[in-house]
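Following: one structure in structure tokens, then a few remarks.
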Amino acid sequence: MTETIATKVLVVGGGPGGYVAAIRCGQLGLDTTLVESGRLGGTCMARGCIPSKALIYAAGQFEAMSRAAEAPHLGISLAQAPLLDLAATVVWKDGIVDKLNSGVAALLKRAKVRVIAGWGSFSDAKTCRVSIGAGEIVITAEHVILATGSVPMELPGLPFGGPVISSAEALSLAALPKRLVVVGAGYIGIELGTVFAKLGSEVTVVESRPQILPTYDRQLVEPVRRWLERKGVTVHLEASALGMGRDGAALEIETRGGEGLSLPADIVLVTVGRRPATEGWGLEEMAVAMNGRFVQVDERCATSTRNVWAIGDLVGEPMLAHKASAQGEMVAEIVAGKRRRFDPVAIPAVCFTEPEIVGVGLAATDDAGTTVSMFPFQANGRALSMEAGEDGGFVRIIARESDHRILGIQAVGRHVSELAGEFAHALEMGALLEDVAGTIHAHPTLGEAFHEAALRGLGHAIHI
Ligand code: FAD
Ligand code: NAD
């Protein structure tokens, strides 16, 4: 049986791009239909941001208890080492995902969005078919918002399957791997590598570039590199993964010097990037221009086909949830008749490693027209009082020499992810060093290090 639906707006994909677009469309009174084949919340909620951060937290708890069992720490000792039941940790993590997932379903319902569970496939730019059981729903729309997200990339010699897994499987392992090899030392590789190192796996990282987290500069990454070294994580830089050995129990790599090496592994986690999800849903029928592998969009997220919009990971870097949501909200408002453009001064990026890294705006630069001022967490009372001051962390501000306009802010240190909002806000408001220096920051907080970095840029830091 075929049912037909005519809708004002059709959103395909219910991740942080698509569901936010749909809710905002609903709030604006647009008749909206959302098609999602998996879980509402998308990659971010089901197998990305949220589950990875839950495991990062659990691993931190386990590590702190293990440490107190080894030797008294902060005056606390444990008589026995903690026991890990990874399957139970995964159940706890899934509970958080379930809660958020039902929250999104409720928000969509409140916004009167029609949600259809199934795989959408376009026969032309404005007609989408969804198979439901033995039947089919045919949806025609005035506006289409494409938000199909991204999928993990495979390496040709190392296809997913058996011990070779992607981040999705890594977030739901039934048992702790004794030996884990991570291929790709980017966001996911280092975040999840850190989780398993804290939980007790022997972790080895293989990265093709000359440093881990290559999108950040060396100074920012150094505290993370040192933490991995202290934790006994082996890192092979400028190395290539060749494939699994014949017995399937080791990863064969070529090292920087061109030597072959066999890395014993129970699990090989491949995290070499993600690619836009452009296949299997009729994109080729929509006459939409491409920008390499991504769907091409302008500053309004309009594609080359009239009233077809695209957002999130599907349209390019940075592949971050908050960028997808910001684009989704904007497109909904444009469809409702508002004038909007996607032109943020900066999109914050956070790496939830040990310690954490935040970057907003211009990164380290040798530009003659800029000044760089840093303040170490070692001189920040709040950091020291929660063991966040001794790992080499700092806040760094890059400002224009001529007028002190802040162009970039970075930080590395425990808990600095929570400073991302203040940093982005400063850039969006066009803050000068004087604005940050003139803002009273509460004591004792990590934010005082940002204040002091601004004071230092003006030549009169107090605590250094
Ligand atoms: P997605 O979230 O990928 O959602 C797309 C949805 O579309 C999916 O649910 C899919 O099922 C659905 N879909 C696709 N095709 C169809 C179709 N034809 N019919 C119906 N439905 C379809 N970002 C951050 O900002 N912070 C983080 O801490 C962070 N951590 C991450 C950790 C991991 C392990 C991973 C993998 C990613 C992480 N990301 C993080 C990235 C973040 O998840 C993505 O940037 C974000 O999910 C992109 O949102 P999206 O809406 O574009 O797409
Ligand atoms: P990534 O781009 O962050 O890192 C991939 C790494 O793999 C790079 O360091 C790259 O040099 C390396 N690499 C590529 N090919 C290789 C090869 N053949 N052998 C060895 N190393 C190789 O990608 P990712 O970690 O898979 O994450 C995908 C995206 O998900 C990120 O770009 C990011 O946008 C998003 N993400 C964000 C967060 C966050 O915001 N905290 C967390 C996880 C993921």
Side-chain angles (χ1 to χ4, degrees), residues 11-21 34-53 55-56 116-122 128-130 145-158 166-168 170-171 182-193 205-216 236-242 253-254 269-283 310-315 317-325 327-328 347-353 356-359 417 420:
V11 183
V12 178
Y19 87 72
V20 168
L34 171 68
V35 177
E36 167 58 58
S37 61
R39 298 194 74 180
L40 293 171
T43 302
C44 172
M45 213 172 273
R47 52 189 175 279
C49 325
I50 299 298
S52 61
K53 270 76 244 179
L55 292 190
I56 287 168
I116 297 176
W119 181 256
S121 192
F122 286 87
C128 181
R129 293 164 193 279
V130 185
I145 303 176
L146 301 174
T148 55
S150 63
V151 291
M153 287 203 295
E154 261 180 338
L155 286 176
L158 205 57
S166 76
S167 54
L171 294 167
V182 178
V183 181
Y187 276 91
I188 303 180
I190 297 298
E191 284 188 0
L192 293 185
V205 177
V206 179
E207 164 62 45
S208 58
R209 304 273 299 275
Q211 72 162 57
I212 59 163
L213 299 172
T215 53
Y216 293 97
H236 295 279
L237 297 172
E238 294 178 84
S240 339
L242 303 173
I253 69 165
E254 188 180 310
L269 169 60
V270 179
T271 53
V272 293
R274 294 178 62 86
R275 61 179 172 81
T278 51
E279 286 160 20
W281 48 270
L283 178 62
I311 59 176
D313 284 6
L314 182 63
V315 302
E317 299 283 355
M319 291 197 193
L320 295 173
H322 40 283
K323 183 209 73 172
S325 297
Q327 290 181 329
I347 300 174
V350 177
C351 208
F352 294 82
T353 40
E356 295 173 345
I357 299 178
V358 178
S417 51

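Counting begins at 1 with the first residue of the sequence. In this text, all values refer to a predicted model and were calculated from it rather than measured experimentally. One-based numbering, in listed order, for ligands and for the atoms of each.
When all heavy atoms of I311 and G18 are compared, the closest pair comes out as CD1-N, 4.0 Å. Looking at every heavy atom in both residues, Y187 comes nearest to V350 through CE2-O, 3.4 Å. Smallest separation of non-hydrogen atoms from R274 and M153: C-CG, 3.8 Å.
Residue L314 does not touch ligand 1, judged by heavy-atom distances below 4.0 Å. Proximity of I188 to ligand 1, defined as any heavy-atom pair under 4.0 Å, is confined to the side chain (atoms from C-beta onward). The part of V206 lying near ligand 2 is the backbone, judged by heavy-atom distances below 4.0 Å. Using a 4.0 Å cut-off between heavy atoms, V350 contacts ligand 2 through its backbone alone, with no side-chain atom that close. Residue-level proximity to ligand 2 for M153 is absent, since no heavy atom of it falls below 4.0 angstrom. In A185, the part holding a heavy atom less than 4.0 Å from any atom of ligand 2 is the backbone. Contacts with ligand 1 closer than 4.0 Å are made by backbone heavy atoms (N, CA, C, O) of S150 only, the side chain lying farther away.
Between the S121 side chain and the R129 main chain, no donor and acceptor come within less than 3.5 Å of each other. Put simply, the side chain of R39 never gets that close to the backbone of A46: no donor and acceptor are under 3.5 Å apart. Between the side chain of Q211 and the main chain of Y216, a donor-acceptor pair closer than 3.5 Å is present. Between the side chain of S166 and the backbone N or O of A168 there is at least one donor-acceptor pair closer than 3.5 Å. With hydrogens and angles ignored, the 3.5 Å screen pairs no side-chain donor or acceptor of E238 with any backbone N or O of P210. One N or O on the side chain of H322 and one on the backbone of P348 form a donor-acceptor pair closer than 3.5 Å. E356 places a side-chain N or O within 3.5 Å of a backbone atom of S417 that can act as its donor or acceptor partner. Without hydrogens or angle criteria, W281 side chain to T148 main chain gives no donor-acceptor distance under 3.5 Å. T271 places a side-chain N or O within 3.5 Å of a backbone atom of V183 that can act as its donor or acceptor partner.
Considering both main-chain and side-chain atoms, T43 comes within under 3.5 Å of ligand 1 through a nitrogen or oxygen pair. Taking only nitrogen or oxygen atoms, main chain and side chain alike, A239 does not reach within less than 3.5 Å of ligand 2. Inclusion of G273 in the set of residues having an N or O under 3.5 Å from an N or O of ligand 2 is warranted. Checked against a 3.5 angstrom limit, the closest N/O atoms of E317 and ligand 2 fall outside it. Ligand 2 has a nitrogen or oxygen under 3.5 angstrom from a nitrogen or oxygen of S208. Polar contact with ligand 1: absent for W281 (N/O pair, distance under 3.5 Å). For ligand 1, the polar-atom distance check against K53 finds a nitrogen or oxygen pair separated by under 3.5 Å. Every N/O-N/O distance between R209 and ligand 2 stays at or above 3.5 Å. On a distance-only criterion, S37 and ligand 1 share at least one N/O pair closer than 3.5 Å. Polar contact check, E191 against ligand 1: no nitrogen or oxygen pair lies under 3.5 Å apart. Not a single N or O atom of L192, backbone or side chain, sits closer than 3.5 Å to an N or O atom of ligand 1. Taking distance alone, with nitrogen or oxygen atoms compared against 3.5 Å, G120 approaches ligand 1 more closely than that limit. Between R274 and ligand 2, a contact under 3.5 Å exists for no N or O pair.
Rounding to the nearest 0.5 Å gives a distance of 8.5 Å between CG of L171 and CD1 of I188. Taking NZ of K323 as the reference point, atom CD1 of I347 lies at 6.5 Å (rounded to 0.5 Å). Interatomic distance, SG of C44 versus CG of D313, reported as 9.5 Å (0.5 Å rounding). Going from atom CG of L158 over to atom CG of L242 covers 9.5 Å, rounded to the nearest 0.5 Å. W119 CH2 to C128 SG: the interatomic distance, rounded to the nearest 0.5 Å, is 10.5 Å.
Of the protein's non-hydrogen atoms, L155 CD2, 3.4 Å is the one closest to atom 18 (N) of ligand 2. Looking only at heavy atoms of the protein, atom 12 (C) of ligand 2 is closest to E207 OE1, 3.3 Å. The single protein non-hydrogen atom nearest to atom 4 (O) of ligand 2 is G186 CA, 3.2 Å, given as residue, atom name and distance. Here the heavy atom of the protein found nearest to atom 38 (C) of ligand 2 is Y187 CD2, 3.3 Å. Atom 34 (O) of ligand 2 has as its closest protein heavy atom M319 O, 2.6 Å. What sits closest to atom 14 (C) of ligand 2 on the protein, heavy atoms only, is V272 CB, 3.7 Å.
Heavy-atom proximity to atom 42 (C) of ligand 1, evaluated over C49, G48, G312, is greatest for C49. Of the candidates G38, A321, G328, it is A321 that places a heavy atom closest to atom 24 (C) of ligand 1. In this structure, of I188, L320, T271, the residue bringing a heavy atom nearest to atom 27 (O) of ligand 2 is I188. When the heavy-atom distances from atom 7 (O) of ligand 2 to C351, G184, S166 are ranked, the shortest goes to G184.
Q327 has its side chain within reach of V315: a pair of non-hydrogen atoms, C-beta onward, lies under 4.5 Å apart. Y19 has its side chain within reach of M45: a pair of non-hydrogen atoms, C-beta onward, lies under 4.5 Å apart.
Under a 4.0 angstrom heavy-atom cut-off, G118 registers as being in contact with ligand 1. Ligand 2 lies out of reach of A241, whose nearest heavy atom is not under 4.0 Å from it. For the ligand labelled ligand 1, residue A277 lies outside the 4.0 Å heavy-atom shell. Ligand 1 has at least one atom lying under 4.0 Å from a heavy atom of V35. No heavy atom of P318 sits closer than 4.0 Å to any atom of ligand 2. Between Y187 and ligand 1 there is no heavy-atom distance shorter than 4.0 Å. Taking a 4.0 Å cut-off on heavy atoms, M45 fails to register as neighbouring ligand 1. Distances from ligand 1 to the non-hydrogen atoms of K323 include no value under 4.0 Å.
Remark: ligand 2 atoms within the under-4.0 Å shell around heavy atoms of V183 are 19 (N), 20 (C). Heavy-atom proximity to H322, at under 4.0 Å, picks out these atoms of ligand 1: 25 (O).
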With side-chain contact (heavy atoms from CB on, under 4.5 Å) as the criterion, how do L192 and L269 come out once you've worked through the C-alpha distance, each side chain's angles and the decisive distance to 0.1 Å? CA-CA 9 Å; L192 293 185; L269 169 60; 4.0 Å; yes
Check step by step if side-chain contact (heavy atoms from CB on, under 4.5 Å) holds for M319 and L314. CA-CA 8 Å; M319 291 197 193; L314 182 63; over 6 Å; no
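Ion pairing of E191 with K53 is present here, as a side-chain N (NZ or NE/NH1/NH2) and a carboxylate O approach within less than 4.0 Å.
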